[in-house]
Each structure stands twice: as C-alpha cells, then as structure tokens.
A.B. asks: 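One structure follows; several queries about it will come next.
Side chains included, hydrogens not; waters and symmetry mates left out as well; all remaining heavy atoms used. Positions are given from 1, in the same order as the sequence printed here.
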Amino acid sequence: MKYQWFTLIMVALLVVACGKDDTTTTPNPTGGGNAQTATKLIQDEFDGLPLVIVGSSSANYMLAFERELPDGSMLQFEALNQAYPAIMGDQEGNRWNVFGRAISGPRKGQQLKPAHSYIGFWFAWGTMYPGVELYEGPAYSGDFRQEEPAEDWAIPTANVFSSVGLDGIPAVDEPVFETFNNRDAIENGYFVEDDELVIGIQMNDEIHLYPHSILNWHEIVNDQLGSTYFAMSFCPLTGTAIAWNRELDEGVTTFGVSGLLYNSNVMPYDRLTTSVWSQMREDCVRGDLIGRNWTTYPVVETTWATWKRLLDSPNVLTRATGFNKDYDTNPYQDYISDNNFLAFPIEFMDDRVPSKERVLGVIVNGKAKVYRFQDFQ
C-alpha cells in the first residue's frame, strides 16, 4: 500500500479542521433552479435495456428509470414543465414524480423500476468503469492495464491509500430528522441554503433528506425507514452518494469510515465483521465477507430549492449529530472548484470530460454509461 504523506496530511487537515436516443449548460455543480425550470428527457437503450433519462440543468437533477413495466408494457414518456411534483407523463395519461411513482392517471400508485444509477464526478466513473460509454460522446481510445488484486484483497492495492484513521471521520449512528411544512421551509428557511445539494431516499411513503453540508463531515449515516436498515453514504472526493442495506446474513450492522480510499473513493467498513467495502464497486474487498455484494437503493440528488418544490413536508437530517462540526463550512470547497486537482492517485484518467464535472452514471450488467447536465438544458 502506498502513502503520499503530503496529500494525506493535507486532506486530513481539511477534514479535521474544516443505444441512440429519442431526445424531445454547462455543468451546474450547485445551481438552485427557478420557477421556470425546463425538464427534458432522453429515451435511450443501454446494453439492451430500454431507459428513460429525465433531468433539468436549471433544477439540478438527472434520474434514470427502466421503460418496460412488469406487465410487459413499454411506456413512451414526455417531459412535463412547471408541473411539480410531476416531472414526466406518458401515452396512457400517467404523471410520474422523481421517485418514479405514478401520482395520477390509470397507473396511479404504481412504481417505475429505477435504473441502477447515481451522480458523481466524471473522473470517478472513468477510473471505476474503464472505457465508460459517454452519451453522444466519443469512445475512449486509451489502454487499460489493471494490476492483479493483492493478497487477501479483491482489488489491487496500488491505488489504495489511507486518508485518516479508522473512524477519523465519524459516521452518524443516531440521525435526527425534522419535518417542515412547505410554508415553513420556504418562508422561514432552514440551515440548508437553496443552492445546496441534498440527497433523498424514499421507502414506501417515507422520505429522508440528507444535506451535503452534513454528509461532507460524516460521509455515512446509519439510518432506518420502517423495517429497512440502511446506510446512506457520500464520498466528497468522488461526489457519489449510494444507499445500501445493512442487514447481513450475520445480522444487522452499522457502517463506519475505514479511512481508506480506493481510486479516491470512500471505503466503509462494517462493524460486525470489520470487513472493508468499496462504495462504488458495491462489494466487500477485504475481510471475512470479501466478495459479498450489498443491496443498493435508488437515491435522488438535487438542490434544496428543488426539494422545496417537490415535497409538501420535507423531512431533513438535522445538525443534532452528536458531534461539534462547522456545518456552515465545506472542507472540500477548494478541492471541488479546482478541476485539475486530485488529492489521491487513480488508476485511469479519462480526459473526455472535465474531471470534476457532475454526471449521471447508469450501470447495466457491470458496464456504465454516463449522461451530462448539458444534455438537459
């Protein structure tokens, strides 16, 4: 395992101290959107799977769903504007929200199957999925010479680095949420700024929201909705948020931050077996559970301004985390704004897109395809 002490110390100080289409901006890392939001969609196919990708550059979201329903119906979608909470409709007269739920029409209450997808920085998709397909973009022309996994690891360790010690970044194990009615959220505000990115997850009829300002300092929130135990994870270095089930065959566990990174991506560990996992690989890479995959859940990332238009009663993670952190400060701001700087080495650098541009990656059969916000202007 390699260590580059300058970058390790720097990052530690930062953390501690602070198919073709049917299409009906520039990158917008933190834009808040406005009342005249334009929603656009792409009906695409990737590795034989029919998809609809719906998004808005101004409202700062991109989402992917499968177009074929369990009954075999193939839906044809159209984007809806100024129709929140609906973002798209179909030929049957249904209207669908950001979680893929039909909120009106003959299929009211039915659920589209979310594609396996999430938003992250381009460089992370390029290194974790070498040769990733770029929607309406050029193919990658470089070579990939990946090293063999190290002994007792599922990955090569040449690009595994230690950033901080075990639990040096503390996970939130007892999250506290506060529900605001829409008028309170709009008129009285909240500690979240309108242009701040917030992660959302829905299970049944419950929704939890997680502001980046808290996730930057903790990276993992061990949470529960109904009878489902899950971990919401966020890696500030790769800009990726993924939620997974924390019920193992061995029992319910919580996850913590191991302090290790693979290709600059966070590596959680489960406290039941102390096995180390890779967030973006979505599997255990070292320990008793090596080779085990986890079940993931779809998440939605957009701004607080957009969430306030989507939800009547946003239920938001509060700063009552049990830790004294400066949640008004983003310790990664300089890192995010410097497109040419990576704090840790990665295996492959794909230069087809600026490295820190936020993009949506869709994963099908172990392959990835990426969509850009500029496709939804």
Side-chain angles (χ1 to χ4, degrees), residues 15 29-30 32-33 59-63 97-99 114 117-121 169-180 185 189-226 228-246 254-257 265-266 268 279-280 282 294 296-323 325-333 336 358 360:
V15 172
T30 57
N60 208 322
Y61 70 85
M62 286 188 287
L63 307 164
N97 68 11
V98 293
F99 293 106
S117 62
Y118 51 87
I119 288 176
F121 294 141
I169 298 173
V172 177
D173 294 327
E174 297 181 3
V176 178
F177 291 82
E178 187 169 353
T179 301
F180 291 80
Y190 192 51
F191 69 85
V192 188
E193 299 294 333
D194 273 1
D195 63 354
E196 181 178 342
L197 292 169
V198 178
I199 309 298
I201 188 170
Q202 180 183 52
M203 292 184 180
N204 299 317
D205 292 323
E206 294 186 83
I207 299 171
H208 277 180
L209 301 181
Y210 310 81
H212 272 211
S213 59
I214 297 177
L215 294 175
N216 281 332
W217 291 94
H218 298 285
E219 300 192 4
I220 294 174
V221 179
N222 290 296
D223 202 359
Q224 179 181 356
L225 278 170
T228 302
Y229 298 87
F230 65 95
M232 176 62 72
S233 73
F234 176 67
C235 179
L237 295 178
T238 55
T240 49
I242 304 176
W244 60 78
N245 193 305
R246 52 188 178 90
T254 58
F255 283 84
V257 180
N265 180 239
V266 65
Q279 187 210 38
M280 287 188 69
E282 302 178 12
W294 50 36
T296 62
Y297 303 108
V299 300
V300 177
E301 179 176 285
T302 188
T303 60
W304 176 236
T306 299
W307 281 117
K308 290 190 297 185
R309 297 198 300 273
L310 292 169
L311 303 177
D312 291 331
S313 302
N315 195 22
V316 189
L317 179 68
T318 73
R319 295 179 173 186
T321 61
F323 300 94
K325 299 292 185 180
D326 184 4
Y327 296 115
D328 290 322
T329 301
N330 182 355
Y332 298 92
Q333 186 57 54
I336 294 171
R358 289 174 60 244
L360 177 74

A.B. asks: Answer yes or no: is there a side-chain heavy-atom contact under 4.5 Å between Leu317 and Met232?
C.D. replies: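 Contact flag for Leu317/Met232 side chains = no.
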A.B. asks: Testing the basics here: between Asn315 and Thr179, what is the closest heavy-atom pair and its distance to 0.1 Å?
C.D. replies: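 That would be OD1-OG1, 2.8 Å.
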A.B. asks: Of the non-hydrogen atoms in Thr240 and Gly120, which two are nearest, and what is the gap between them?
C.D. replies: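 Result for this residue pair: CG2-CA, 3.7 Å.
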A.B. asks: Output yes when a side-chain donor or acceptor of Gln279 lies under 3.5 Å from a complementary backbone atom of Pro268, and no otherwise.
C.D. replies: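 Side chain of Gln279 to backbone of Pro268, a donor-acceptor pair under 3.5 Å: no, none is there.
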A.B. asks: Taking the side chain as every heavy atom from C-beta outward, state whether Lys308 and Phe180 have any pair of such atoms under 4.5 Å apart.
C.D. replies: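 Lys308 does not reach Phe180 side chain to side chain.
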A.B. asks: For residues Val300 and Leu63, determine if any side-chain heavy atom of one lies less than 4.5 Å from a side-chain heavy atom of the other.
C.D. replies: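 Heavy-atom side-chain distance check passes, below 4.5 Å.
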A.B. asks: I'd like to check Ser233 versus Trp244 (side-chain heavy atoms, cut-off strictly below 4.5 Å). Are they in contact?
C.D. replies: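 In short, these two side chains touch, coming nearer than 4.5 Å.
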A.B. asks: Any side-chain heavy atom of Leu215 within less than 4.5 Å of one from Val221?
C.D. replies: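 Heavy-atom side-chain distance check passes, below 4.5 Å.
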A.B. asks: Is the side chain of Trp307 donor-acceptor paired with the backbone N or O of Val198 at a distance under 3.5 Å, no angle test?
C.D. replies: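 Yes; judged by distance alone, with no hydrogens or angles, the pair exists.
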A.B. asks: Looking at every non-hydrogen atom in both residues, tell me the closest pair between Asn222 and Ala171 and how far apart they are.
C.D. replies: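 Where Asn222 meets Ala171 most closely, the heavy atoms are ND2-CB, 4.2 Å.
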A.B. asks: Is any side-chain heavy atom of Asp223 closer than 4.5 Å to one of Ile201?
C.D. replies: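 Side-chain contact under 4.5 Å: no.
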A.B. asks: Please examine the side chains of Ile220 and Val257, heavy atoms only from C-beta on, and report whether any two atoms are closer than 4.5 Å.
C.D. replies: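 In contact.
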A.B. asks: Say whether, by atom type as modelled, one donor and one acceptor occur between the side chain of Glu301 and the main chain of Ala241 under 3.5 angstrom.
C.D. replies: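 Checking the backbone N and O of Ala241 against the side chain of Glu301, no donor-acceptor pair under 3.5 Å is found.
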A.B. asks: Nearest 0.5 Å, what's the CG-CD distance between Asn330 and Glu196?
C.D. replies: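 Atom-to-atom, Asn330:CG and Glu196:CD are 8.5 Å apart.
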A.B. asks: So which heavy atom on Ser213 is nearest to which on Phe191, and how close?
C.D. replies: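 Shortest heavy-atom contact: OG-CE1, 3.8 Å.
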A.B. asks: Could you tell me if the ring centre of Phe177 sits under 6.0 Å from that of Tyr210?
C.D. replies: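 That pair passes the under 6.0 Å test.
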A.B. asks: I'd like to know if the side chain of Thr318 reaches the main chain of Val176, judged simply by a donor and an acceptor atom lying under 3.5 Å from each other, with no hydrogens or angles considered.
C.D. replies: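 Yes.
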A.B. asks: Give me the atom names and distance for the closest heavy-atom approach of Pro170 to His218.
C.D. replies: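 Heavy atoms only, the tightest pair is O-ND1, 2.7 Å.
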A.B. asks: What do the steps show when you test Ile214 against Phe234 for side chain to side chain contact (heavy atoms under 4.5 Å, CB included), and what is the final call?
C.D. replies: CA-CA 10 Å; Ile214 297 177; Phe234 176 67; over 6 Å; no
A.B. asks: Using the side chain to side chain contact (heavy atoms under 4.5 Å, CB included) criterion, which residues pair with Asp328? Sequence neighbours excluded.
C.D. replies: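 If we apply the side chain to side chain contact (heavy atoms under 4.5 Å, CB included) test to Asp328, skipping adjacent residues, the hits are Arg319, Asp326.
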A.B. asks: To the nearest 0.5 Å, what is the distance between CD1 (Ile119) and OG1 (Thr238)?
C.D. replies: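 The distance works out to 12.5 Å.
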A.B. asks: Within the structure provided, determine whether Leu310 and Phe99 are in side-chain contact (heavy-atom separation under 4.5 Å).
C.D. replies: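 Counting from C-beta outward, Leu310 and Phe99 never come under 4.5 Å.
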A.B. asks: To the nearest 0.5 Å, tell me how far His208 NE2 sits from Gln224 CD.
C.D. replies: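 If I round to the nearest 0.5 Å, the distance is 9.5 Å.
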A.B. asks: For Asn60 and Thr302, which I'm curious about, is there any donor-acceptor pair between the side chains at under 3.5 Å?
C.D. replies: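 Checked: Asn60/Thr302 side chains show no N/O donor-acceptor pair below 3.5 Å.
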A.B. asks: What do the steps show when you test Tyr327 against Thr321 for side-chain hydrogen bond (donor to acceptor under 3.5 Å, both in side chains), and what is the final call?
C.D. replies: CA-CA 11 Å; Tyr327 296 115; Thr321 61; 2.7 Å; yes
A.B. asks: Say whether, by atom type as modelled, one donor and one acceptor occur between the side chain of Asn245 and the main chain of Trp294 under 3.5 angstrom.
C.D. replies: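 The answer is no, because no donor-acceptor pair under 3.5 Å joins these two groups.
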A.B. asks: Locate the shortest heavy-atom distance separating Met280 from Ile242; write the atom from each residue and the value.
C.D. replies: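 What the structure gives for the nearest pair is CA-CD1, 4.2 Å.
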A.B. asks: Give the ring-plane orientation class for Tyr297 versus Phe230, where under 30° counts as parallel, over 60° as perpendicular and anything between as tilted.
C.D. replies: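 Geometry flag for Phe230 against Tyr297: perpendicular rings.
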